Engineer: 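Input: one structure, supplied below.
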Amino acid sequence: MFLSSVNKPCGTYYDKDRNKWQSYCGSYSGGRVRLGRFDTEKEALIASKTQKIHELLTVIDDMKDLRLRIRLKELCDRLYINFIKCNLS
């Protein structure tokens, strides 16, 4: 898991004013996408990582090499499944 400089997962932060975890992700087109507020850090992290995989798939869709696109999409599927399995246990 990637950690920020304060040892919290990248893509999340705690909003003290609302007593919620905020989730965000950089977008392929630039800027930051706010993904919502969550009760737990785990929920915010899942939203952030899921969006990052979605953004990666957007980049892959723009690639010309079909075989490479297929392989990278398969890799994204495995990453997502493994990430979800780890966070459900």
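Because the structure is a prediction, the values reported are computed rather than measured. Nothing fancy with the numbering, it's 1 onward along the sequence. We use all heavy atoms of the structure for the numbers below, so side chains are in, but hydrogens, waters and symmetry mates are not.
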Engineer: So which heavy atom on Tyr24 is nearest to which on Arg32, and how close?
Structural biologist: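 Distance-wise, the nearest heavy atoms are CD1-NE, 3.5 Å.
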Engineer: Once rounded to the nearest 0.5 Å, what's the spacing between atom OH of Tyr80 and atom NZ of Lys52?
Structural biologist: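 One finds 14.5 Å between OH of Tyr80 and NZ of Lys52.
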Engineer: Just do the side chain to side chain contact (heavy atoms under 4.5 Å, CB included) check on Arg78 and Leu75 with the steps written out, would you?
Structural biologist: CA-CA 5 Å; Arg78 286 197 307 264; Leu75 177 60; 3.8 Å; yes
Engineer: What distance separates Thr40 OG1 from Ile46 CD1, expressed to the nearest 0.5 Å?
Structural biologist: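 Rounded to the nearest 0.5 Å, the OG1-CD1 separation comes out at 7.5 Å.
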Engineer: Between Thr50 and His54, does a side chain to side chain contact (heavy atoms under 4.5 Å, CB included) hold up when you go through it step by step?
Structural biologist: CA-CA 6 Å; Thr50 300; His54 174 73; 5.8 Å; no
Engineer: Rounded to the nearest 0.5 Å, how far apart are OG1 of Thr58 and CD1 of Ile53?
Structural biologist: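 If we round to the nearest 0.5 Å, Thr58:OG1 and Ile53:CD1 are 12.0 Å apart.
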Engineer: Nearest 0.5 Å, what's the CZ-OH distance between Arg37 and Tyr14?
Structural biologist: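 Spacing of CZ (Arg37) from OH (Tyr14) equals 12.0 Å.
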Engineer: Looking at every non-hydrogen atom in both residues, tell me the closest pair between Ile60 and Leu72 and how far apart they are.
Structural biologist: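 Taking Ile60 first and Leu72 second, the nearest heavy atoms are CD1-CB, 3.5 Å.
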Engineer: Can you measure from CD (Glu41) to CD (Gln22) and round to the nearest 0.5 angstrom?
Structural biologist: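 One gets 13.5 Å once the value is rounded to the nearest 0.5 Å.
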Engineer: Mark yes or no for whether Ser23, through its side chain, and Ser48, through its backbone, hold a donor-acceptor pair below 3.5 Å.
Structural biologist: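 Here the side-chain-to-backbone pair exists.
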Engineer: Glu55 and Gln51: side chain to side chain contact (heavy atoms under 4.5 Å, CB included), yes or no, with the steps?
Structural biologist: CA-CA 6 Å; Glu55 291 291 332; Gln51 180 65 26; 2.9 Å; yes
Engineer: Tell me if the centroids of the rings in Phe38 and Trp21 come within less than 6.0 Å of each other.
Structural biologist: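 No; Trp21 has its ring centre 6.0 Å or more from that of Phe38.
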Engineer: What are the two closest non-hydrogen atoms of Leu35 and Cys25, and how far apart are they?
Structural biologist: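 That closest heavy-atom pairing would be CD1-CB, 4.2 Å.
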Engineer: Treat each ILVMFWY residue as a node, draw an edge where side-chain heavy atoms are under 4.5 Å apart, and state whether Leu68 and Leu57 are in one component.
Structural biologist: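 Yes, Leu68 and Leu57 fall within the same hydrophobic cluster.
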Engineer: Roughly how far apart are Asn19 CG and Asp15 CG, rounded to 0.5 Å?
Structural biologist: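 Taking CG in Asn19 and CG in Asp15, the distance rounds to 9.0 Å.
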Engineer: Verify, without hydrogens or angle tests, whether Arg69 (side chain) and Met63 (backbone) share a donor-acceptor contact under 3.5 angstrom.
Structural biologist: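 Pair found, side chain donor or acceptor close to backbone of Met63.
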